[in-house]
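This report concerns only the one structure given below.
Quick note: numbers below take in every heavy atom, side chains included, and nothing from hydrogens, waters or symmetry partners. The shown structure was predicted, so the numbers you read here are calculated from the model rather than taken from an experiment. In the text below, chain A, chain B and the rest are named by the order of the sequence lines, each starting its count at 1.
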Protein chains: 2
Amino acid sequence: MTTPKAASVTDPLEALPGYLLRRAALAAVNELNEQLTPLGLRHADVALLMLVDALPKLTQSEAGRLLDVQRANMVAFVGRLQRRGLIARERVDGRSFALVLTPAGKRQLAAAQQTVKTYEHALLQRVPKALRPMVMPILLALWKGE
Amino acid sequence: MTTPKAASVTDPLEALPGYLLRRAALAAVNELNEQLTPLGLRHADVALLMLVDALPKLTQSEAGRLLDVQRANMVAFVGRLQRRGLIARERVDGRSFALVLTPAGKRQLAAAQQTVKTYEHALLQRVPKALRPMVMPILLALWKGE
DNA sequence: GGAAGATTGATATACTATATAGCATTCTAA
DNA sequence: TTAGAATGCTATATAGTATATCAATCTTCC
């Protein structure tokens, strides 16, 4: 009788909440990215589009702060979406612009929202019903300490 | 009276569990990495050390599968820890080796474990006591659907 | 026992995400 | 009005991750 291997082996990392948090997040983001590929978008793109849509007159660096993306990295990020005609920059100031969605951007966002909605729903669905109401409070607490 | 800005703005992304999951995980990993810098380790290093310690005779590519790291990327990863004298490779097969901790590796791991323990504890502490027992089940469910 | 296919470690390579430093321009506050 | 802060930007570096491919070795099945 051979010793059963990998399958039955106990991974000690799975006892660590921080590790689970990271693995769960990676798996989830990858899944979302896959589902977004038909739209030619990545999760970060959709996040920015949603942000710009929800917070009109949002500035490029304000968006960066909300998304935790360096000012320097926002340039190419926004630039790419602008080149694709999804976002426009409107001077609001001698040094900053407000980001706005173009009509095409709004359409793309609407499509992406559908995907995201389905994805988020499926994600929650994985959690046993009884625990589901605790998901958001727990994740918020883990992120910001409430 | 001016309109209050960024601080009071409602970020629509914060209503999405998937987004919270990712942000929480990023924040947590960054925090752990900071706490590990005195040891010259990154979170992934510690994960591998823990794995190798807990699962003796673990093979390089088995470790990769558990950590979800491509075989190709395990080469440099393990190589770096080997070059630092923390891990050794023992031929077990014409084509594969088992990974084992060197004495120095065991010492480094012990130190790292302390850091990790403190970190994991602080992480859990952020969650209100009543919700704490649900953290692990929820994260496991989000990751693997139970 | 031998051939076909799978597995392992490795190399090369590329792409994404992210971080820092520095710069010119513009705004804000003392 | 001047000192300091903020903004967008460039350049650059690093970490993480992905794919394709290779030679050597192992496994399976006839």
* **N or O in side chain of B:Arg65 less than 4.0 angstrom from C:dT8 OP1/OP2** => yes

* Of all the choices, C:dG9, D:dG8, C:dA10, which nucleotide is nearest to the side chain of B:Ala72 once you look at every atom? -> C:dA10

* Asked: Under the 3.5 angstrom rule, does the side chain of B:Ser96 hit a backbone N or O of B:Asp93 as a donor-acceptor pair?
  -> no

* Donor-acceptor pair under 3.5 Å, B:Arg95 side chain vs D:dA24 base -> no

* Asked: So which nucleotide from C:dA10, D:dG16, D:dG8 ends up closest to the side chain of A:Ser96?
  -> D:dG8

* To do: May I ask you to say whether A:Arg126 pairs ionically with A:Glu31, meaning some side-chain N is under 4.0 Å from a carboxylate O?
  => yes

* Hey, does the side chain of B:Arg42 reach the backbone of B:Ala44 with a donor-acceptor pair shorter than 3.5 angstrom? -> no

* **Any B:Arg42 side-chain N or O less than 4.0 Å from OP1/OP2 of D:dG16** => yes

* Structure fact -> Closest of D:dC9, C:dA19, C:dT8 to the A:Asn73 side chain is C:dA19

* Asked: Any ion pair linking B:Glu14 and A:Lys144 (charged N to carboxylate O, less than 4.0 Å)?
  -> yes

* State whether the side chain of A:Glu120 and the backbone N or O of B:Gly18 hold a donor-acceptor pair below 3.5 Å, judged by distance alone. => yes

* **B:Phe77 CZ to D:dT17 P, straight-line distance once rounded to whole Å** => 9 Å

* Any residue of residues 17-35 of chain A with a heavy atom less than 4.0 Å from an atom of DNA chain C -> none

* Asked: Counting any heavy atom closer than 4.0 Å, what does A:Ala44 reach on the DNA or RNA strands: base, sugar-phosphate only, or nothing?
  -> nothing

* Asked: Under 4.0 Å between a side-chain N or O of B:Gln70 and OP1 or OP2 of D:dG16?
  -> no

* Whole angstrom value for the distance that separates C1' of C:dC27 from CZ of A:Phe97 -> 15 Å

* Asked: Are any side-chain N or O atoms of A:Thr102 and backbone N or O atoms of A:Ala88, one a donor and one an acceptor, separated by less than 3.5 Å?
  -> no

* For C:dA10, does OP1 or OP2 lie under 4.0 Å from any side-chain N or O of B:Arg89? -> yes

* Asked: Counting only N and O atoms by type, is there a donor-acceptor contact under 3.5 Å from the side chain of A:Arg84 to the main-chain atoms of A:Gly40?
  -> yes

